[in-house]
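One structure is given here, and the rest of the page talks about it.
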2 protein chains.
Amino acid sequence: MRAGPAEPDRRQLILDAALAIADERGLGAVTMRAVAARVGVTAMALYPYVRSKEDLLDGLVGRLLTELSLPDPAKPWPDRLREIGRSARQTARRHPAVMPLLFARPAVTPDAVRVVDAIYLALLDAGVPDEEVARVERLVSTLVLGYAISESSGRFAAGDPREQRALLGGVDLPAHRRLAAKLEAAPSWEAEFETALDDLERLIENIADPGRPGATAADDTTGCAARDPRG
Amino acid sequence: MRAGPAEPDRRQLILDAALAIADERGLGAVTMRAVAARVGVTAMALYPYVRSKEDLLDGLVGRLLTELSLPDPAKPWPDRLREIGRSARQTARRHPAVMPLLFARPAVTPDAVRVVDAIYLALLDAGVPDEEVARVERLVSTLVLGYAISESSGRFAAGDPREQRALLGGVDLPAHRRLAAKLEAAPSWEAEFETALDDLERLIENIADPGRPGATAADDTTGCAARDPRG
DNA sequence: ACCTGAACACCGTTCAAGT
DNA sequence: ACCTGAACACCGTTCAAGT
């Protein structure tokens with residue numbers, strides 16, 4: 001429906017090829033010529049189905065979004081949010097090269113708003129006030145996507161210890177020094193992701209039902225806001 | 001020190017030029033030839049100072065990280081965290097094209113660990129247990145960076161309303177329907193960022209001092225306990 | 001010691017031509 | 001209606017040659 005005469009399936013076929021190349025050899029290898037070759041055709045034969053390379057990449061983002069499985073709305077809201085989060089993480093692990101693109105384009109395509117709506121629903125059921133739902137959705141999706149992308153594209157990766165020591169020769173890092181022992185342990189990203197989901201859930205409960213453990217500065221009637229260290 | 005004979009300043013000069021081009025015309029315009037032209041030299045004259053284009057982009061990331069101003073460690077930890085967050089957001093607004101690169105490379109360069117250490121320090125002062133500091137730092141940096149990048153590279157941007165309606169013709173979006181009125185308002189990203197920092201602060205307090213359900217006003221009459229490390 | 005110019009193997013995209 | 005082949009204006013990078 002997006003473009004192309006005759007078969008609209010042809011676009012999907014092209015996107016399949018592009019995704020496979022991205023998974024196997026990285027985003028840099030996704031070339032009009034390479035995709036075309038994989039489909040068994042010349043580069044220019046793609047253009048009826050794909051307006052430009054940018055459009056091809058947008059299509060790839062769409063593919064990732066449709067891969068995201070949405071939870072049954074009958075389930076409790078915390079389960080639904082966790083399912084969406086886990087699904088995003090798995091998608092990131094399957095397609096680490098493409099995932100970062102999700103972070104750069106407006107989340108306004110049908111495939112994207114479908115996910116946003118599912119999160120809105122969960123937040124409404126959690127009791128988040130109507131006027132806060134949109135911002136909390138941005139908080140949730142930013143954290144979940146950010147975590148999934150960071151993990152799968154290597155931001156969390158530790159440097160080679162030897163190289164690391166050489167690199168940081170003269171730098172003074174008091175907290176690193178103090179935490180040295182703890183920083184050696186290689187964490188389980190899966191467990192850490194689950195813990196982040198726990199934190200997120202608690203945060204949402206707090207927004208839905210404020211005036212509980214630790215209130216915001218905004219509704220802090222005691223007048224001892226955190227930023228004001230009474231002398 | 002990284003490379004290049006004679007003057008090491010020459011590398012900085014090259015990175016200045018590259019950053020200026022990225023700011024003015026986007027990352028796609030950052031070309032060895034374009035950077036060289038701006039420096040007043042041929043493309044191949046860059047190679048003694050910049051191992052490859054990848055190295056050039058790494059250098060750009062380094063520039064962004066050194067632009068991040070680190071807070072005075074004597075200040076209260078919530079202030080320090082907020083300052084780092086705001087500084088990251090401002091950097092993102094100055095250099096939206098380069099910012100996404102921060103999310104794709106391991107945070108192990110000297111420029112990066114310098115920031116990580118500042119966050120570690122703040123978290124330690126907040127009372128986060130030693131074995132949790134690293135994961136909470138990943139939580140904080142992911143959310144702050146994710147927010148800054150999402151805002152500045154347009155992920156949060158709303159679609160053109162007319163086009164939007166056409167695009168979403170047949171899709172059923174129950175939550176969007178219910179929230180229609182609230183979703184029209186264009187939010188202030190600055191205010192939303194500050195609110196996210198509030199949420200983050202509360203989350204950290206909760207991690208530092210957990211297991212106190214309904215203990216708000218009960219055993220903490222000042223409401224300030226978690227925020228006051230001297231307590 | 002530093003820079004240039006030509007060259008190589010690529011890009012995305014246009015356009016006329018084929019069937 | 002769909003695809004091809006040649007061509008254009010670019011890329012990053014290598015290498016011999018200049019001064």
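Any value given below was found using the heavy atoms of this structure, including those in side chains, with hydrogens, waters and symmetry copies removed. Naming convention: chains lettered A, B, ... in sequence-line order (proteins, then strands); numbering from 1 in each chain.
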Original post:
What pairs with A:E163 under salt bridge (charged side-chain N to carboxylate O under 4.0 Å, His left out), at least two apart in sequence or on another chain?
Top reply: none
**OP:** Ignoring backbone atoms, establish whether B:R10 has a side-chain N or O less than 4.0 Å from OP1 or OP2 of C:dC3.
**Re:** yes
Original post:
Counting just side-chain N and O atoms, does A:Y49 come under 4.0 Å of either OP1 or OP2 of D:dA1?
Top reply: no
Original post:
What pairs of residues pass the side-chain hydrogen bond (donor to acceptor under 3.5 Å, both in side chains) test when at least one of them lies in residues 27-36 of chain B, not counting sequence neighbours?
Top reply: none
Original post:
Any cation-pi pair here, A:R89 with A:F193, using under 6.0 Å and within 45°?
Top reply: yes
Subject >> All salt bridge (charged side-chain N to carboxylate O under 4.0 Å, His left out) counterparts of B:D23, not counting sequence neighbours >> reply: none
**OP:** List for me each residue that meets salt bridge (charged side-chain N to carboxylate O under 4.0 Å, His left out) alongside A:R105, sequence neighbours excluded, and say none if there are none.
**Re:** A:E54, A:D58
Using the 3.5 Å cut-off, write out each protein N or O paired with an N or O of nucleotides 16-19 of chain D and the distance between them.
none

Subject >> For A:E132, side chain to side chain contact (heavy atoms under 4.5 Å, CB included) partners two or more places apart >> reply: A:V128, A:P129, A:R135, A:V136, A:I207
Taking only nitrogen or oxygen atoms into account, show me every contact under 3.5 Å that the protein makes with nucleotides 9-13 of chain D, one pair per line with its distance.
residue, atom, partner, partner atom, Å
D:dG12, OP1, B:M32, N, 3.3
D:dG12, OP1, B:K53, NZ, 3.2
D:dG12, OP2, B:M32, N, 3.1
D:dG12, N7, B:R33, NH1, 2.6
D:dG12, O6, B:R33, NH2, 3.2
D:dT13, OP2, B:Y47, OH, 2.8
D:dT13, OP2, B:K53, N, 3.0
D:dT13, O5', B:Y47, OH, 3.3

**OP:** Could you tell me which residues satisfy side chain to side chain contact (heavy atoms under 4.5 Å, CB included) with B:T142, sequence neighbours excluded, listed by chain and number?
**Re:** A:L143, A:Y147, A:S150, A:R155, A:F156, B:F103
Original post:
With sequence neighbours left out, what residues match B:E184 under salt bridge (charged side-chain N to carboxylate O under 4.0 Å, His left out)?
Top reply: none
**OP:** Kindly state each residue pair satisfying ring-ring contact (aromatic ring centres under 6.0 Å, His included) with at least one member in residues 158-182 of chain A, sequence neighbours excluded.
**Re:** A:H176-B:Y120
Original post:
In chain order, what residues pass the side chain to side chain contact (heavy atoms under 4.5 Å, CB included) check against B:P174, with sequence neighbours excluded?
Top reply: A:D117, A:L121, B:D172, B:R177
Original post:
If you write DNA chain C from 5' to 3' in dot-bracket form, with Watson-Crick or G-U pairs under 3.5 Å, [ ] for crossing pairs and | for pairs with another strand, what do you get?
Top reply: ||.|||||...|||||.||
